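Letters A, B, ... mirror the listed sequences (proteins, then strands); counts begin at 1. What you see is a predicted model; the values in this text were computed from it and never measured.
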Number of protein chains: 2
Amino acid sequence: MLHAEIVARVRELLLEGAIPPGTRIAERELCERFGVSRTPLREALKVLAAEGLVVLLPNRGARAAKPTSRSLQDLFEVCEGLEALAGELACRRITDAELRAIAALHAEMVGHYKADDLAQYFRCNRLIHDAIVRAADNAVLSGLYETVAARIRSVRYLAPMPSDHWVIAIKEHEGILNALERRDGQGLALILRSHLRVKRRQVEEAGLAENADEAGDDNVTLLRRRQNRA
Amino acid sequence: MLHAEIVARVRELLLEGAIPPGTRIAERELCERFGVSRTPLREALKVLAAEGLVVLLPNRGARAAKPTSRSLQDLFEVCEGLEALAGELACRRITDAELRAIAALHAEMVGHYKADDLAQYFRCNRLIHDAIVRAADNAVLSGLYETVAARIRSVRYLAPMPSDHWVIAIKEHEGILNALERRDGQGLALILRSHLRVKRRQVEEAGLAENADEAGDDNVTLLRRRQNRA
DNA sequence: CAACCTAATTTTGAATTCAAAATGCCCGCA
DNA sequence: TGCGGGCATTTTGAATTCAAAATTAGGTTG
């Protein structure tokens, strides 16, 4: 099945940053890169547009979606909700084997923290969150989480990790593991939400200043909108 | 833009029940029905497949997705989470105008209840939930909610509404309005979840018995799976 | 009579073609 | 020199074409 393959490969390019947010996607170029005709490529772009990774401009082609500070906030809010839900469900359904696997990942992650290996730390971090979602054993939730988390991750280069935040993150992860072991769904949900809120603030602080100038829906607009609503 | 139009129209057909779940979707037929070639139609089917309304079988065409009891449960769980999140955000962001509009809808809905007009009642009910999600003012959340709620609604014909449940639903809706007015996000989230859980049980009780025989992933399987996980 | 094998037909997946829209280029002109 | 208009080129959106796979039908044989 050619179509699904292409969706996956283009998504890869978008998430890896090989096609940076905001850049024009030339059909021609991707076609010859993949060695396929425009038909399946265009199908793939439509699907990715439905996922929110690509925006289609009528008669003007496709661009890699560039999250505004606003849409990034929206994504974080939803991601919090999804992770909280996953945490609750996981506490009800997680198997001992899954729990052990997460504990192992946690230990490995702490090791990377002590070794100051940020990349490996992030890898474990991600695997843990994925494992929790998987333990929730809900296919719909997994699918939505994957796309939302991917869209957030696509701008992860914005977030530098101050070392004091790193300590906090480790503490929070201990709480996560603890809540899982106690099967405390409510507690886990709370921790996951605040955990994500920390990351969100990091991205906000890192990213807001720099894309305020070019995005149409910038911070000033955002503030005005949300204040007007009150 | 032909493509988006076709996505919308086919989705309509699927949600209206004009193409019942599980039926084969003949490309040819839809093409002549819409008066378009296969290219944009196929693009539309790919998008709808990504949304979960259609399943694509390699070299064997498309079928209208038929939720199994399992996937329906998954959808309900996620919908609960999304509505709860929407409720929390809405309490923070809802404007007085939006609140008044919901109160008006609520009053209208009670009127339909007293007049025993089920169809109109459902209409208002849906509009209220949509309004709450809209008041949450989060585009990503709106999008996800729409698709998840649509997939649930696509099998709504399964759920008969016993009159005692109807009373409960009205009571719950009073609680919803009350929590919104008090801007009690936590409380609203709880009410929305239990509200949805009632509906979920209705659908389960109505639907489970009848599709157990044909679906591959039936109730027995479901129970076994989830029990095995403990 | 039933099971199976083969050939015709239909249907799918993808490439190619074609028309319309947008982009870019060049020239004239103030 | 700077600006605008018109033509050529490129790119997009959709139809058509073509090959491969599946389905169907029919015939053969045990």
Side-chain angles (χ1 to χ4, degrees), chain A residues 1-14 18-67 143 154 214-217, chain B residues 1-14 18-67 143 154 214-217:
Chain A
M1 228 208 290
L2 193 39
H3 157 75
E5 178 75 16
I6 294 185
V7 172
R9 290 182 67 180
V10 177
R11 186 180 334 182
E12 191 87 11
L13 290 180
L14 291 167
I19 302 178
T23 54
R24 234 184 104 64
I25 297 177
E27 289 184 5
R28 194 66 60 87
E29 188 207 314
L30 281 187
C31 282
E32 52 194 45
R33 162 131 54 154
F34 294 145
V36 299
S37 77
R38 284 174 57 217
T39 308
L41 181 82
R42 285 172 56 79
E43 289 173 353
L45 290 179
K46 297 273 185 351
V47 169
L48 292 169
E51 282 181 24
L53 281 171
V54 161
V55 293
L56 300 173
L57 301 88
N59 288 320
R60 290 226 201 112
R63 296 182 157 284
K66 172 172 190 163
S154 76
E214 40 180 338
D217 197 355
Chain B
M1 231 208 288
L2 194 39
H3 157 74
E5 178 74 16
I6 294 184
V7 172
R9 290 182 67 180
V10 177
R11 186 180 353 212
E12 191 86 9
L13 290 180
L14 290 167
I19 302 176
T23 54
R24 237 185 102 62
I25 297 177
E27 291 184 2
R28 194 64 58 86
E29 188 208 315
L30 280 186
C31 282
E32 52 194 46
R33 162 129 55 152
F34 293 146
V36 300
S37 77
R38 284 174 57 217
T39 308
L41 182 82
R42 286 172 56 79
E43 288 173 353
L45 290 179
K46 298 275 184 354
V47 169
L48 293 169
E51 281 180 25
L53 281 171
V54 160
V55 293
L56 301 172
L57 300 90
N59 289 318
R60 276 143 127 252
R63 302 184 90 83
K66 173 173 187 160
S154 77
E214 41 178 339
D217 196 356

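Atom pair Leu56(A):CG and dT11(D):C1' shows a separation of 14 Å (rounding to whole Å applied). Between the CD1 atom of Ile25(A) and the P atom of dT11(D) there is a distance of 15 Å, given to the nearest Å. What separates CG of Leu41(B) from P of dT11(C) is a distance of 14 Å, to the nearest Å. Here the C1' atom of nucleotide dT12(C) and the CG atom of Leu30(B) are 15 Å apart, to the nearest Å. With rounding to whole Å, Glu32(A) atom CD is found 10 Å from dT11(D) atom P.
For the atom pair Leu13(B) CG and Ile19(B) CD1, the distance stands at 4.5 Å (nearest 0.5 Å). In this structure, CG in Leu14(B) is found 8.0 Å from OG in Ser154(B), a value given to the nearest 0.5 Å.
Of all heavy-atom pairs between Gly52(A) and Ala65(A), the closest is O-CB, 3.4 Å. Of all heavy-atom pairs between Ala18(B) and Pro20(B), the closest is O-CD, 3.5 Å.
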Check against side chain to side chain contact (heavy atoms under 4.5 Å, CB included), Leu45(A) and Val7(A): CA-CA 7 Å; Leu45(A) 290 179; Val7(A) 172; over 6 Å; no
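With contacts defined as side-chain heavy-atom distances shorter than 4.5 Å, the pair Val47(B)/Val54(B) does not qualify.
Counting only residues at least two apart or on different chains, the salt bridge (charged side-chain N to carboxylate O under 4.0 Å, His left out) pairs with a member in residues 45-65 of chain A are Arg11(A)-Glu51(A), Lys46(A)-Glu43(B).
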Exercise answer: donor-acceptor pairs, residues 25-36 of chain A side-chain atoms, under 3.5 Å, sequence neighbours excluded:
from     : atom 1 : to       : atom 2 : distance (Å)
Glu27(A) : OE1    : Arg38(A) : NE     : 2.8
Glu27(A) : OE1    : Arg38(A) : NH2    : 3.2
Glu27(A) : OE2    : Arg42(A) : NH1    : 2.8

Polar pairs (N or O, both sides) under 3.5 Å between protein and nucleotides 7-10 of chain C?
none

Between protein and nucleic acid, restricted to nucleotides 13-19 of chain D and to nitrogen or oxygen atoms under 3.5 Å apart, what atom pairs and distances do you find?
from    : atom 1 : to       : atom 2 : distance (Å)
dG13(D) : OP1    : Asn59(A) : N      : 3.2
dG13(D) : OP2    : Arg42(A) : NH1    : 2.8
dG13(D) : OP2    : Arg42(A) : NH2    : 3.4
dG13(D) : N7     : Arg38(A) : NH2    : 2.8
dG13(D) : O6     : Arg38(A) : NH1    : 3.2
dA14(D) : OP1    : Leu2(B)  : N      : 2.7
dA15(D) : OP2    : Ser37(B) : N      : 2.8
dA15(D) : OP2    : Ser37(B) : OG     : 2.4
dA15(D) : O5'    : Ser37(B) : OG     : 3.3
dA15(D) : N7     : Thr39(B) : OG1    : 2.8
dT16(D) : O4     : Thr39(B) : OG1    : 3.2

